[in-house]
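Before any comments, here is the structure.
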Amino acid sequence: MRHPLRWIASLYLAEGLPFYAVALVASLMFKSLHIANEQITHWTGFLGLAWVIKPLWSPLLELTSNKKSTVIVCQWITGCAFGLVALALQLPDYFAACIAVFMLASLSAATHDIAADGLYIMHLNEYQQARYAGWCGAFFNAGKFVSLGGLVILAGHLESKFDVRVAWSIIFLLLAAIMLAVGAYHTMAIPHTAAPAKSAMSAGETLRDVFRDFFRKPDIWLCVVFIILFRAGEAQVQTIAPLFLREARELGGLGLSTGQIGSVYGTAGTLTFILGSLGGGYFAAWLGLRRALIWLVLAVNLPNLVFYFLSTQMPSDLWVITAAVGLEMFGYGFGFVGLILFIIQVLSVGKYSAAHYALASGIMQLGFVIFKVISGDIQAALGYQHFFLWVLLSAVPAMLLVRRMPLPGVRAKA
């Protein structure tokens, strides 16, 4: 039998690459093209709605017994969409054209995530889900390492040699090639699935049954509020922090180049995130979700203090900036495991595990989108220093809700 990491790693890399390409790489591209922060956050937040509404078509995937084909086709569609972004950048009205093609990529990637998460839940028991949750987070964010790291560093180099739009067209052609190659690998690496077929009711009836079963879970509305608020601080930091690093010093930012952001935020920051994700997964498997969750929530939010430090001290030493971002990213990776496990072990239990995971992760993404969309306006109103204090306050409600959550009572066993 194939070791799970032979396909988990590449599967979650294929989830992370499109997400970060839309949520963060596109933001940096538009920043290089001199689009305002508010417009960047509004439109990239709008693109994130694809991950919010994906539960509306998740029942269609519950009606099929083989999710492997869906995974591979969506990876290829997403790759082709990134190729179209490269072409759209050469049009006169490139901004609107890019947003339209990014929406196609977002819808395809969101559909891919439903099937991919269904594979994960289907093939692993509860202990394995906890054990490999850190690997999922690590390789999801390896998508950030590849995109915000290597490709953004390359973009900075290309910007110095070519027109900005030509430079970013090359970057999105490379993203397209990666997604197409991963899809080809998965035709061999992903195990064949033969899940029990669901009843042949209509898609509409299935959707109603999925929602009805989900919203009958214990304390469901408290859980919904919790997973929305869990990302309140993190969503705002992940949106504004790269723009803060890129912003000119006279405007309150650190004035880094595109290539320097790739080195600091995409490479060093992502490596520490991966280490944090692996540690958080094993930490949660050791303690169990009930005892670990409060520490995981704290780990996500307390390291955001480093951005208040950066915005007040305005260091110019790249090593200091790298260390600060690395600390924040380690905490984010360590703690984010808690939200993933909460969704898997509390909200995805039942006959519609894949659809319920999609619904819960869609609600999670709704929280991300809400706070992402408003982050640009809040930052513009408060300035960077006070904005990063606001981010810390945004985390308090989720911390207060932890003790009210209907958590599993014992540690899973192998």
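Each residue takes its place number in the sequence, starting with 1. All figures in this text were calculated on a predicted structure; none of them were measured in a lab.
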Is there a side-chain contact (heavy atoms from CB on, under 4.5 Å) between L17 and T78? Walk through the geometry before answering.
CA-CA 10 Å; L17 265 177; T78 305; over 6 Å; no
Should Y185 and S10 count as side-chain neighbours, where that means a heavy-atom distance under 4.5 Å?
yes
Indicate the atoms forming the closest heavy-atom contact of V101 with A88, along with that distance.
CG2-CB, 4.4 Å
Grab the two heavy atoms, one from L222 and one from R404, that are nearest each other, plus how far apart they are.
CD1-NH2, 3.6 Å
Working to the nearest 0.5 Å, report the span between CG of L389 and CG of L382.
9.5 Å
Just checking, is any N or O donor in the side chain of Q385 or Y308 under 3.5 Å from an acceptor N or O on the other one?
no
For F226, which of L400, L293, D219 qualifies under side-chain contact (heavy atoms from CB on, under 4.5 Å)?
L293
Any side-chain to backbone donor/acceptor pair from R249 onto M314? Under 3.5 Å, distance only.
yes
Counting N and O atoms only, with roles assigned by atom type, does the side chain of W76 sit under 3.5 Å from a partner on the main chain of L180, one being a donor and the other an acceptor?
yes
Spell out, as yes or no, whether a donor-acceptor pair under 3.5 Å connects the side chain of R165 to the backbone of L91.
yes
Ignoring hydrogens and geometry beyond distance, is a side-chain donor-acceptor pair present between Q236 and W390 at under 3.5 Å?
yes
Correct closest heavy-atom pair for A292 and A284 would be CB-CA, 4.1 Å
What heavy-atom pair brings I40 and I35 nearest, and what distance separates the two atoms?
CD1-O, 3.4 Å
Ring centroid separation F307 to Y384 under 6.0 Å
no
Closer than 3.5 angstrom, by distance alone: can the side chain of S257 be matched with the main-chain N or O of Q260 as a donor-acceptor pair?
yes
Ring centres of F342 and F230 under 6.0 Å apart?
no
Interatomic distance, L49 atom CG to I370 atom CD1 [nearest 0.5 angstrom]
9.5 Å
Sidechain-backbone polar pair: T187 side chain, G183 backbone, donor-acceptor under 3.5 Å:
no
Audit row: S263, T322, side-chain contact (heavy atoms from CB on, under 4.5 Å) steps and yes/no:
CA-CA 8 Å; S263 298; T322 300; over 6 Å; no
Value rounded to 0.5 Å, distance of CG in L151 from CZ in F172
9.0 Å
Shortest non-hydrogen pair, G376 vs E38, comes out as O-CG, 4.2 Å
Could you go step by step and tell me if L243 and K31 meet the side-chain contact (heavy atoms from CB on, under 4.5 Å) rule?
CA-CA 8 Å; L243 304 180; K31 187 72 174 177; 4.2 Å; yes
Under 3.5 Å, is there a donor-acceptor pair between the side chain of S108 and the main chain of C74?
yes
Quick one, F244 with S311, criterion side-chain contact (heavy atoms from CB on, under 4.5 Å). Give me CA distance, side-chain angles, the key distance, then yes/no.
CA-CA 8 Å; F244 163 69; S311 65; 4.0 Å; yes
For A23, does its backbone N or O pair with a side-chain atom of K372 as donor and acceptor, under 3.5 Å?
yes
Are F371 and S394 packed together at the side-chain level, in the sense that at least one heavy-atom pair is separated by less than 4.5 angstrom?
no
Before we go on, tell me: are the rings of F215 and W221 under 6.0 Å apart, centre to centre?
yes
Crowded around R212 CZ? As in, over 12 foreign heavy atoms under 6.0 Å?
yes
Looking only at the side chains, is there a donor atom on one of Q238 and E328 sitting less than 3.5 Å from an acceptor on the other?
yes
Shortest non-hydrogen contact between R246 and I261, atoms and distance:
CB-CD1, 3.3 Å
Between H112 and E15, is there a side-chain donor-acceptor contact under 3.5 Å, judged purely by atom types and distance?
no
Identified side-chain contact (heavy atoms from CB on, under 4.5 Å) counterpart of T41 within the set I240, I374, V373:
I240
Any side-chain heavy-atom pair of N37 and E247 under 4.5 Å
yes
For a 4.5 angstrom cut-off between non-hydrogen side-chain atoms, does L24 reach S147?
no
Mind checking the OH-SG spacing from Y94 to C98? Nearest 0.5 Å is all I need.
8.5 Å
L154 CG to T258 OG1 distance, which is reported to the nearest 0.5 Å:
11.5 Å
Side chains of I227 and L347, heavy atoms from C-beta outward: is any pair under 4.5 Å?
yes
Rounded to the nearest 0.5 Å, how far does CG of L256 lie from CG of L318?
6.5 Å
Do V182 and H186 touch side chain to side chain, with heavy atoms closer than 4.5 Å?
yes
Close side-chain approach of S106 and P18, heavy atoms under 4.5 Å:
no
Step through it carefully: locate the ring centre of F19, locate the ring centre of F140, and say whether they are under 6.0 Å apart.
yes
Is there side-chain contact between K217 and H356, with heavy atoms separated by less than 4.5 Å?
yes
Under 6.0 Å between ring centres: does that hold for F273 and F330?
no
